[in-house]
Amino acid sequence: MDIGIVIVAAGRGERAGSAEGPKQYRRIGGSAVIAHTLKAFLDWSKAGPIVVVIHPDDKLLFEEAVSGLATERVSTVTGGATRQQSVLAGLQAVAALDATHVMIHDGARPFVDRVLLDRIAARLEAGDEAVLPALPVTDTLKRGTQGRVIETISREELYAAQTPQSFRLATILEAHERAAAQSRVDFTDDCAIAEWAAVAVAIVEGSPDNVKLTVRRDITMADERLSAAALPDVRTGNGYDVHQLEPGDGVTLCGVFIPHDQRLKGHSDADVGLHALTDALLATCGAGDIGDHFPPSDPQWKGAPSKIFLARAAEIVRENGGTIMNADVSLIAEAPKIGPHRQTMRETMAEILGIATERCSVKATTNEQIGFVGRREGIAAIATATVVYSGRGS
Ligand SMILES: Nc1ccn([C@@H]2O[C@H](COP(=O)(O)OP(=O)(O)OP(=O)(O)O)[C@@H](O)[C@H]2O)c(=O)n1
Ligand SMILES: C[C@](O)(CO)[C@H](O)COP(=O)(O)O
(Lines give C-alpha, C1' and ligand atoms only; values in the text may rest on other atoms or scores of the structure.)
(Ligands and ions follow the chains in the order given, each with its own letter.)
Protein backbone atom coordinates (compact mmCIF):
# COMPACT_ATOMS: atom_id res chain seq x y z
CA MET A 1 0.00 0.00 0.00
CA ASP A 2 1.47 3.35 -1.07
CA ILE A 3 -0.21 6.28 0.63
CA GLY A 4 -0.04 9.58 -1.24
CA ILE A 5 -0.87 12.71 0.70
CA VAL A 6 -2.88 15.69 -0.55
CA ILE A 7 -2.77 18.76 1.67
CA VAL A 8 -5.22 21.44 0.58
CA ALA A 9 -3.99 24.94 1.35
CA ALA A 10 -5.43 27.12 -1.39
CA GLY A 11 -8.22 28.75 0.65
CA ARG A 12 -8.36 32.43 1.53
CA GLY A 13 -9.27 31.96 5.20
CA GLU A 14 -12.03 34.59 5.12
CA ARG A 15 -13.49 33.51 8.48
CA ALA A 16 -10.12 33.96 10.20
CA GLY A 17 -9.90 37.51 8.84
CA SER A 18 -7.85 37.99 5.71
CA ALA A 19 -6.07 41.23 6.75
CA GLU A 20 -3.02 39.29 8.03
CA GLY A 21 -2.99 37.00 4.98
CA PRO A 22 -4.32 33.46 4.51
CA LYS A 23 -4.48 31.54 7.79
CA GLN A 24 -2.26 28.69 6.59
CA TYR A 25 0.68 31.12 6.47
CA ARG A 26 0.05 32.73 9.86
CA ARG A 27 2.65 31.80 12.47
CA ILE A 28 1.89 29.59 15.45
CA GLY A 29 4.66 28.51 17.82
CA GLY A 30 7.20 30.31 15.62
CA SER A 31 6.36 28.60 12.27
CA ALA A 32 3.65 28.90 9.64
CA VAL A 33 0.54 26.77 10.16
CA ILE A 34 1.24 24.91 6.90
CA ALA A 35 4.79 24.09 8.05
CA HIS A 36 3.40 22.31 11.15
CA THR A 37 0.90 20.40 9.01
CA LEU A 38 3.44 19.39 6.40
CA LYS A 39 5.98 18.36 9.04
CA ALA A 40 3.48 15.95 10.62
CA PHE A 41 3.34 14.04 7.32
CA LEU A 42 7.07 14.35 6.57
CA ASP A 43 7.72 12.76 9.98
CA TRP A 44 5.23 9.93 9.44
CA SER A 45 7.00 6.82 8.18
CA LYS A 46 4.11 5.58 5.98
CA ALA A 47 3.68 8.80 3.98
CA GLY A 48 4.43 8.50 0.26
CA PRO A 49 4.52 11.42 -2.17
CA ILE A 50 3.04 14.63 -0.80
CA VAL A 51 1.16 17.15 -2.93
CA VAL A 52 0.35 20.53 -1.41
CA VAL A 53 -2.40 22.43 -3.18
CA ILE A 54 -1.74 26.15 -3.02
CA HIS A 55 -3.30 29.35 -4.33
CA PRO A 56 -1.55 30.84 -7.40
CA ASP A 57 -0.84 34.03 -5.42
CA ASP A 58 0.84 32.14 -2.55
CA LYS A 59 3.91 30.58 -4.22
CA LEU A 60 6.39 32.80 -2.38
CA LEU A 61 4.49 32.54 0.90
CA PHE A 62 4.60 28.75 0.63
CA GLU A 63 8.31 28.58 -0.21
CA GLU A 64 9.12 30.85 2.70
CA ALA A 65 6.86 28.92 5.09
CA VAL A 66 8.45 25.53 4.41
CA SER A 67 12.03 26.67 3.83
CA GLY A 68 13.32 24.87 6.94
CA LEU A 69 11.80 21.49 6.00
CA ALA A 70 13.18 18.63 3.91
CA THR A 71 10.75 18.96 1.01
CA GLU A 72 12.33 16.65 -1.60
CA ARG A 73 9.19 14.50 -1.87
CA VAL A 74 6.81 17.46 -1.77
CA SER A 75 5.33 18.97 -4.91
CA THR A 76 2.80 21.75 -5.30
CA VAL A 77 -0.15 22.22 -7.59
CA THR A 78 -2.51 25.16 -8.03
CA GLY A 79 -5.94 24.89 -6.40
CA GLY A 80 -9.37 26.11 -7.41
CA ALA A 81 -12.05 28.45 -6.11
CA THR A 82 -13.54 25.84 -3.75
CA ARG A 83 -12.06 23.19 -1.49
CA GLN A 84 -13.66 20.54 -3.71
CA GLN A 85 -11.84 21.89 -6.78
CA SER A 86 -8.57 22.13 -4.88
CA VAL A 87 -8.84 18.53 -3.73
CA LEU A 88 -9.52 17.35 -7.29
CA ALA A 89 -6.38 19.14 -8.50
CA GLY A 90 -4.41 17.46 -5.72
CA LEU A 91 -5.84 14.02 -6.47
CA GLN A 92 -4.99 14.33 -10.16
CA ALA A 93 -1.43 15.30 -9.25
CA VAL A 94 -0.98 12.46 -6.76
CA ALA A 95 -2.42 9.95 -9.27
CA ALA A 96 0.52 10.74 -11.55
CA LEU A 97 2.88 9.68 -8.74
CA ASP A 98 3.35 6.35 -6.98
CA ALA A 99 0.24 5.90 -4.84
CA THR A 100 -2.53 3.34 -4.39
CA HIS A 101 -4.24 5.20 -1.55
CA VAL A 102 -4.56 8.81 -0.55
CA MET A 103 -5.03 10.85 2.59
CA ILE A 104 -6.66 14.24 1.97
CA HIS A 105 -5.87 16.71 4.72
CA ASP A 106 -6.68 20.35 5.45
CA GLY A 107 -3.59 22.54 5.56
CA ALA A 108 -5.39 24.33 8.36
CA ARG A 109 -5.27 21.29 10.70
CA PRO A 110 -1.71 21.54 12.05
CA PHE A 111 -2.14 19.22 15.04
CA VAL A 112 -2.66 15.96 13.18
CA ASP A 113 -0.46 13.30 14.76
CA ARG A 114 1.16 9.95 14.01
CA VAL A 115 -1.22 8.01 16.26
CA LEU A 116 -4.24 9.20 14.28
CA LEU A 117 -2.49 8.58 10.95
CA ASP A 118 -1.59 5.02 12.02
CA ARG A 119 -5.19 4.39 13.10
CA ILE A 120 -6.50 5.48 9.70
CA ALA A 121 -3.81 3.60 7.76
CA ALA A 122 -4.72 0.40 9.62
CA ARG A 123 -8.27 0.65 8.26
CA LEU A 124 -7.04 1.24 4.70
CA GLU A 125 -4.76 -1.76 5.13
CA ALA A 126 -7.74 -3.79 6.31
CA GLY A 127 -9.44 -3.03 2.97
CA ASP A 128 -11.77 -0.12 3.72
CA GLU A 129 -12.18 2.08 0.62
CA ALA A 130 -13.00 5.25 2.52
CA VAL A 131 -12.09 6.16 6.09
CA LEU A 132 -13.35 9.16 8.04
CA PRO A 133 -11.73 10.29 11.28
CA ALA A 134 -14.50 11.79 13.38
CA LEU A 135 -15.54 12.46 16.95
CA PRO A 136 -19.04 12.08 18.37
CA VAL A 137 -20.74 15.45 18.85
CA THR A 138 -20.77 16.32 22.56
CA ASP A 139 -22.73 19.60 22.65
CA THR A 140 -26.51 19.72 22.67
CA LEU A 141 -27.57 20.85 19.21
CA LYS A 142 -30.25 23.41 18.41
CA ARG A 143 -31.75 24.54 15.16
CA GLY A 144 -32.55 28.23 15.22
CA THR A 145 -33.31 31.24 13.11
CA GLN A 146 -33.36 34.98 13.73
CA GLY A 147 -32.08 34.54 17.28
CA ARG A 148 -34.73 32.02 18.28
CA VAL A 149 -34.59 28.28 18.80
CA ILE A 150 -36.79 26.25 16.53
CA GLU A 151 -35.94 22.83 17.92
CA THR A 152 -33.42 20.63 19.75
CA ILE A 153 -31.75 18.05 17.56
CA SER A 154 -30.73 14.68 18.93
CA ARG A 155 -26.97 14.27 18.83
CA GLU A 156 -27.29 10.51 18.74
CA GLU A 157 -25.33 9.09 15.79
CA LEU A 158 -23.89 12.54 14.98
CA TYR A 159 -20.16 12.98 14.39
CA ALA A 160 -17.92 15.97 13.72
CA ALA A 161 -15.83 15.17 10.63
CA GLN A 162 -12.07 15.68 10.60
CA THR A 163 -9.31 15.12 8.09
CA PRO A 164 -7.29 13.35 6.74
CA GLN A 165 -10.18 11.61 5.05
CA SER A 166 -8.55 8.65 3.40
CA PHE A 167 -9.37 6.50 0.41
CA ARG A 168 -8.35 4.00 -2.19
CA LEU A 169 -7.02 6.53 -4.69
CA ALA A 170 -8.85 5.28 -7.80
CA THR A 171 -12.17 5.24 -5.91
CA ILE A 172 -12.06 8.84 -4.67
CA LEU A 173 -10.53 10.21 -7.88
CA GLU A 174 -13.32 8.65 -9.93
CA ALA A 175 -15.99 9.97 -7.53
CA HIS A 176 -14.50 13.50 -7.53
CA GLU A 177 -14.23 13.58 -11.34
CA ARG A 178 -17.80 12.33 -11.70
CA ALA A 179 -19.09 14.96 -9.25
CA ALA A 180 -17.27 17.70 -11.19
CA ALA A 181 -18.57 16.40 -14.52
CA GLN A 182 -22.12 16.53 -13.14
CA SER A 183 -21.53 20.03 -11.73
CA ARG A 184 -22.01 18.78 -8.18
CA VAL A 185 -19.93 21.51 -6.55
CA ASP A 186 -21.52 21.73 -3.11
CA PHE A 187 -19.50 19.16 -1.13
CA THR A 188 -17.60 20.49 1.89
CA ASP A 189 -15.65 17.30 2.46
CA ASP A 190 -14.46 14.30 0.50
CA CYS A 191 -16.37 11.63 2.40
CA ALA A 192 -19.54 13.45 1.32
CA ILE A 193 -18.46 12.82 -2.26
CA ALA A 194 -17.75 9.15 -1.45
CA GLU A 195 -21.20 8.87 0.16
CA TRP A 196 -22.77 10.48 -2.93
CA ALA A 197 -20.91 7.91 -5.06
CA ALA A 198 -22.29 5.09 -2.84
CA VAL A 199 -18.88 4.18 -1.40
CA ALA A 200 -19.07 2.80 2.15
CA VAL A 201 -17.27 5.11 4.58
CA ALA A 202 -15.75 3.65 7.75
CA ILE A 203 -15.54 5.88 10.83
CA VAL A 204 -12.41 5.82 13.00
CA GLU A 205 -11.97 7.77 16.19
CA GLY A 206 -10.59 11.24 15.40
CA SER A 207 -8.33 13.21 17.70
CA PRO A 208 -9.59 16.03 19.94
CA ASP A 209 -6.31 17.85 19.21
CA ASN A 210 -6.82 17.71 15.45
CA VAL A 211 -8.83 20.93 15.27
CA LYS A 212 -9.23 23.03 12.14
CA LEU A 213 -8.12 26.63 12.49
CA THR A 214 -11.18 28.39 11.19
CA VAL A 215 -11.63 31.70 13.01
CA ARG A 216 -9.08 34.19 14.36
CA ARG A 217 -9.43 32.86 17.93
CA ASP A 218 -8.41 29.35 16.76
CA ILE A 219 -5.10 30.75 15.54
CA THR A 220 -4.42 32.64 18.78
CA MET A 221 -5.23 29.53 20.82
CA ALA A 222 -3.02 27.34 18.64
CA ASP A 223 -0.14 29.79 19.11
CA GLU A 224 -0.66 29.86 22.88
CA ARG A 225 -0.80 26.08 23.01
CA LEU A 226 2.49 25.65 21.12
CA SER A 227 4.19 28.41 23.07
CA ALA A 228 3.13 26.80 26.36
CA ALA A 229 4.39 23.43 25.14
CA ALA A 230 7.77 24.99 24.45
CA LEU A 231 8.13 26.09 28.10
CA PRO A 232 10.12 23.73 30.32
CA ASP A 233 7.88 21.49 32.42
CA VAL A 234 9.42 22.25 35.82
CA ARG A 235 7.74 20.67 38.85
CA THR A 236 8.46 20.89 42.54
CA GLY A 237 7.39 18.47 45.25
CA ASN A 238 7.65 18.67 49.00
CA GLY A 239 7.90 16.04 51.71
CA TYR A 240 7.78 16.01 55.51
CA ASP A 241 8.65 13.29 58.02
CA VAL A 242 9.09 12.82 61.77
CA HIS A 243 10.48 9.92 63.76
CA GLN A 244 10.54 9.48 67.50
CA LEU A 245 13.83 9.31 69.40
CA GLU A 246 14.64 6.64 72.02
CA PRO A 247 17.82 5.74 73.89
CA GLY A 248 20.37 4.21 71.53
CA ASP A 249 23.76 4.51 69.90
CA GLY A 250 23.21 6.78 66.89
CA VAL A 251 20.93 8.11 64.14
CA THR A 252 21.02 7.75 60.35
CA LEU A 253 20.25 11.08 58.67
CA CYS A 254 20.43 11.70 54.91
CA GLY A 255 22.15 8.33 54.53
CA VAL A 256 24.92 9.05 57.08
CA PHE A 257 25.22 7.29 60.46
CA ILE A 258 26.04 9.73 63.30
CA PRO A 259 26.99 8.28 66.70
CA HIS A 260 24.65 9.70 69.36
CA ASP A 261 23.10 8.74 72.70
CA GLN A 262 19.71 8.24 71.04
CA ARG A 263 18.38 6.44 67.99
CA LEU A 264 15.36 7.00 65.74
CA LYS A 265 12.46 4.59 66.14
CA GLY A 266 10.95 3.18 62.95
CA HIS A 267 10.27 0.17 60.81
CA SER A 268 13.20 0.94 58.47
CA ASP A 269 16.38 2.77 59.51
CA ALA A 270 14.04 5.74 60.21
CA ASP A 271 16.10 8.21 58.16
CA VAL A 272 13.68 11.16 58.25
CA GLY A 273 15.78 13.15 55.77
CA LEU A 274 15.66 10.55 53.02
CA HIS A 275 12.01 9.75 53.77
CA ALA A 276 11.00 13.39 53.31
CA LEU A 277 13.05 13.59 50.11
CA THR A 278 11.52 10.36 48.77
CA ASP A 279 8.05 11.88 49.23
CA ALA A 280 9.15 15.14 47.59
CA LEU A 281 10.39 13.30 44.50
CA LEU A 282 7.28 11.13 44.22
CA ALA A 283 5.16 14.29 44.49
CA THR A 284 6.70 15.74 41.31
CA CYS A 285 5.00 13.07 39.20
CA GLY A 286 1.93 12.35 41.29
CA ALA A 287 3.28 8.91 42.25
CA GLY A 288 1.79 8.78 45.74
CA ASP A 289 4.00 8.66 48.83
CA ILE A 290 6.62 6.45 50.44
CA GLY A 291 3.97 4.42 52.28
CA ASP A 292 2.32 3.44 48.97
CA HIS A 293 5.58 2.01 47.63
CA PHE A 294 7.09 0.64 50.85
CA PRO A 295 4.24 -0.14 53.27
CA PRO A 296 5.42 -0.29 56.92
CA SER A 297 3.28 -3.45 57.21
CA ASP A 298 5.61 -5.24 54.74
CA PRO A 299 8.27 -7.20 56.74
CA GLN A 300 10.82 -6.90 53.90
CA TRP A 301 11.37 -3.22 54.80
CA LYS A 302 12.14 -3.96 58.48
CA GLY A 303 15.46 -2.25 59.26
CA ALA A 304 15.90 -1.44 55.56
CA PRO A 305 18.33 1.34 54.64
CA SER A 306 16.25 4.25 53.36
CA LYS A 307 18.66 4.65 50.43
CA ILE A 308 16.57 1.92 48.77
CA PHE A 309 13.42 4.09 49.01
CA LEU A 310 15.13 7.18 47.63
CA ALA A 311 16.76 5.25 44.78
CA ARG A 312 13.36 3.79 43.77
CA ALA A 313 11.70 7.22 43.89
CA ALA A 314 14.44 8.56 41.58
CA GLU A 315 13.81 5.61 39.25
CA ILE A 316 10.06 6.35 39.20
CA VAL A 317 10.78 9.99 38.36
CA ARG A 318 12.99 8.90 35.45
CA GLU A 319 10.43 6.39 34.21
CA ASN A 320 8.02 9.31 33.99
CA GLY A 321 10.44 11.36 31.88
CA GLY A 322 11.87 13.43 34.73
CA THR A 323 15.37 14.83 35.23
CA ILE A 324 16.16 15.67 38.85
CA MET A 325 17.47 19.21 39.04
CA ASN A 326 17.66 19.81 42.79
CA ALA A 327 17.13 18.02 46.10
CA ASP A 328 16.95 20.05 49.29
CA VAL A 329 16.52 18.70 52.82
CA SER A 330 16.08 20.67 56.06
CA LEU A 331 16.68 18.67 59.23
CA ILE A 332 15.06 19.93 62.44
CA ALA A 333 16.89 18.43 65.39
CA GLU A 334 18.17 19.59 68.74
CA ALA A 335 21.05 17.07 68.54
CA PRO A 336 23.26 15.61 67.19
CA LYS A 337 25.12 18.39 65.41
CA ILE A 338 24.58 18.14 61.65
CA GLY A 339 27.19 20.65 60.45
CA PRO A 340 30.19 18.28 60.49
CA HIS A 341 28.25 15.71 58.41
CA ARG A 342 26.57 17.99 55.86
CA GLN A 343 29.03 17.52 53.04
CA THR A 344 28.96 13.70 53.40
CA MET A 345 25.16 13.81 53.45
CA ARG A 346 25.10 15.88 50.24
CA GLU A 347 27.52 13.50 48.55
CA THR A 348 25.51 10.46 49.70
CA MET A 349 22.26 11.95 48.36
CA ALA A 350 23.97 12.88 45.10
CA GLU A 351 25.22 9.34 44.63
CA ILE A 352 21.82 7.78 45.31
CA LEU A 353 20.08 10.21 42.97
CA GLY A 354 22.76 10.08 40.27
CA ILE A 355 23.15 13.87 40.15
CA ALA A 356 25.90 16.37 40.98
CA THR A 357 26.58 17.17 44.65
CA GLU A 358 25.99 20.86 43.93
CA ARG A 359 22.37 19.98 43.18
CA CYS A 360 21.93 18.49 46.66
CA SER A 361 21.52 20.59 49.74
CA VAL A 362 21.25 19.78 53.45
CA LYS A 363 20.38 22.40 56.02
CA ALA A 364 19.77 22.01 59.72
CA THR A 365 18.15 23.96 62.49
CA THR A 366 17.25 23.36 66.10
CA ASN A 367 13.73 23.98 67.31
CA GLU A 368 14.91 26.48 69.96
CA GLN A 369 14.23 23.84 72.66
CA ILE A 370 10.47 24.06 72.16
CA GLY A 371 8.00 21.41 71.08
CA PHE A 372 8.73 17.70 70.65
CA VAL A 373 11.95 18.43 68.76
CA GLY A 374 13.06 20.86 71.45
CA ARG A 375 12.41 18.21 74.14
CA ARG A 376 14.55 15.76 72.09
CA GLU A 377 11.57 13.46 71.62
CA GLY A 378 11.97 13.31 67.85
CA ILE A 379 13.63 14.62 64.70
CA ALA A 380 11.73 16.15 61.76
CA ALA A 381 12.71 16.79 58.15
CA ILE A 382 11.27 18.87 55.33
CA ALA A 383 12.39 18.30 51.73
CA THR A 384 11.85 19.96 48.35
CA ALA A 385 12.64 18.32 45.03
CA THR A 386 12.77 20.08 41.66
CA VAL A 387 12.36 17.98 38.53
CA VAL A 388 12.09 18.88 34.85
CA TYR A 389 9.81 16.58 32.86
CA SER A 390 9.75 16.00 29.14
CA GLY A 391 7.44 14.03 26.87
CA ARG A 392 4.41 14.18 29.16
CA GLY A 393 1.17 15.74 27.90
CA SER A 394 -0.37 18.81 29.51
N1 LIG B 1 -10.59 26.96 -2.52
C2 LIG B 1 -10.13 26.35 -1.44
C3 LIG B 1 -10.76 26.46 -0.20
C4 LIG B 1 -10.22 25.81 0.88
N5 LIG B 1 -9.07 25.11 0.75
C6 LIG B 1 -8.44 24.50 1.90
O7 LIG B 1 -9.32 23.65 2.58
C8 LIG B 1 -9.04 23.61 3.96
C9 LIG B 1 -10.29 23.72 4.79
O10 LIG B 1 -11.07 24.81 4.38
P11 LIG B 1 -11.51 26.08 5.22
O12 LIG B 1 -11.18 25.96 6.63
O13 LIG B 1 -12.90 26.37 4.85
O14 LIG B 1 -10.48 27.16 4.63
P15 LIG B 1 -10.76 28.49 3.86
O16 LIG B 1 -11.59 28.23 2.66
O17 LIG B 1 -9.42 29.05 3.62
O18 LIG B 1 -11.53 29.34 4.96
P19 LIG B 1 -12.79 30.28 4.80
O20 LIG B 1 -13.92 29.39 4.41
O21 LIG B 1 -12.95 30.88 6.13
O22 LIG B 1 -12.44 31.29 3.74
C23 LIG B 1 -8.05 24.74 4.24
O24 LIG B 1 -6.80 24.20 4.53
C25 LIG B 1 -8.07 25.53 2.96
O26 LIG B 1 -6.84 26.16 2.64
C27 LIG B 1 -8.47 25.01 -0.51
O28 LIG B 1 -7.43 24.35 -0.63
N29 LIG B 1 -9.02 25.63 -1.56
C1 LIG C 1 -13.11 18.93 5.47
C2 LIG C 1 -13.53 19.53 6.78
O3 LIG C 1 -12.41 20.03 7.45
C4 LIG C 1 -14.13 18.46 7.65
O5 LIG C 1 -14.49 18.96 8.86
C6 LIG C 1 -14.53 20.65 6.55
O7 LIG C 1 -15.65 20.14 5.97
C8 LIG C 1 -13.93 21.82 5.81
O9 LIG C 1 -14.84 22.82 5.45
P10 LIG C 1 -15.69 23.79 6.40
O11 LIG C 1 -16.43 24.67 5.47
O12 LIG C 1 -14.77 24.57 7.26
O13 LIG C 1 -16.57 22.92 7.21
Sequence neighbours excluded and cut-off under 3.5 Å, please list the side-chain donor-acceptor pairs for residues 270-283, or say none.
residue	atom	partner	partner atom	Å
D271	OD1	C254	N	2.8
D271	OD1	G273	N	3.1
D271	OD1	L274	N	3.1
D271	OD2	C254	N	3.1
D271	OD2	G255	N	2.6
H275	ND1	D241	OD2	3.0
H275	ND1	H243	NE2	3.4
H275	NE2	S268	OG	3.3
H275	NE2	S306	OG	2.8
T278	OG1	L274	O	2.7
D279	OD1	I290	N	2.7

Which heavy atom in [X] sits nearest to a heavy atom in [Y], and how many Å separate them?
X	Y	result
A108	V33	CA-CG1, 4.2 Å
I316	A287	CG2-CB, 3.8 Å
A121	I3	CB-CD1, 4.1 Å
P56	T78	CD-CG2, 3.5 Å
A381	L331	CB-CD2, 3.9 Å

Could you tell me whether the side chain of [X] and the main chain of [Y] form a donor-acceptor pair under 3.5 Å?
X	Y	answer
D218	V215	yes
E246	Q262	no
E129	T171	no
R342	V362	yes
S166	P164	yes

*Working to the nearest 0.5 Å, report the span between CG of L117 and CE of M103.*
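CE of M103 is found 5.0 Å from CG of L117.
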
*State the CG-CG distance between D113 and D118, to the nearest 0.5 angstrom.*
9.0 Å

Contacts table for residues 188-201: side-chain donor-acceptor under 3.5 angstrom, sequence neighbours left out:
residue	atom	partner	partner atom	Å
D189	OD1	A192	N	3.0
D189	OD2	Q165	NE2	2.8
D190	OD1	H176	NE2	2.9
D190	OD2	R83	NH1	3.0
D190	OD2	R83	NH2	3.4

*So do the side chains of T140 and T152 get within less than 4.5 Å of each other, counting heavy atoms only?*
yes

*Between H101 and F167, is the gap from one ring center to the other below 6.0 Å?*
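No: the rings miss the under 6.0 Å criterion.
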
*Taking it one step at a time, do E151 and K142 satisfy side-chain contact (heavy atoms from CB on, under 4.5 Å)?*
CA-CA 6 Å; E151 62 171 334; K142 307 280 180 187; over 6 Å; no

*Give a yes-or-no answer on whether the side chains of Y389 and T284 include a donor-acceptor pair shorter than 3.5 Å.*
yes

Determine, for [X] against [Y], whether the closest basic-nitrogen to carboxylate-oxygen distance falls under 4.0 angstrom.
X	Y	result
R73	D98	no
E315	R318	no
E125	K46	no
R346	E358	no
D223	R225	no

*How far apart are the C-alpha atoms of Q244 and E377, what are their side-chain angles, what is the distance that settles it, and do they pass the side-chain contact (heavy atoms from CB on, under 4.5 Å) test?*
CA-CA 6 Å; Q244 247 181 298; E377 291 167 11; 5.7 Å; no

*Would you check, one step at a time, whether the test side-chain contact (heavy atoms from CB on, under 4.5 Å) holds for V51 with V77?*
CA-CA 7 Å; V51 173; V77 67; 3.6 Å; yes

*asked:* The test is side-chain contact (heavy atoms from CB on, under 4.5 Å); show your working for D106 and Q24 and say whether it passes.
replied: CA-CA 10 Å; D106 291 333; Q24 56 273 33; over 6 Å; no

*Applying the 4.5 Å side-chain criterion to the ILVMFWY set and letting contacts propagate, would M349 and V251 be lumped into a single cluster?*
yes

_Trace of the side-chain hydrogen bond (donor to acceptor under 3.5 Å, both in side chains) decision for T357 with E347_ = CA-CA 5 Å; T357 308; E347 286 164 7; 5.4 Å; no

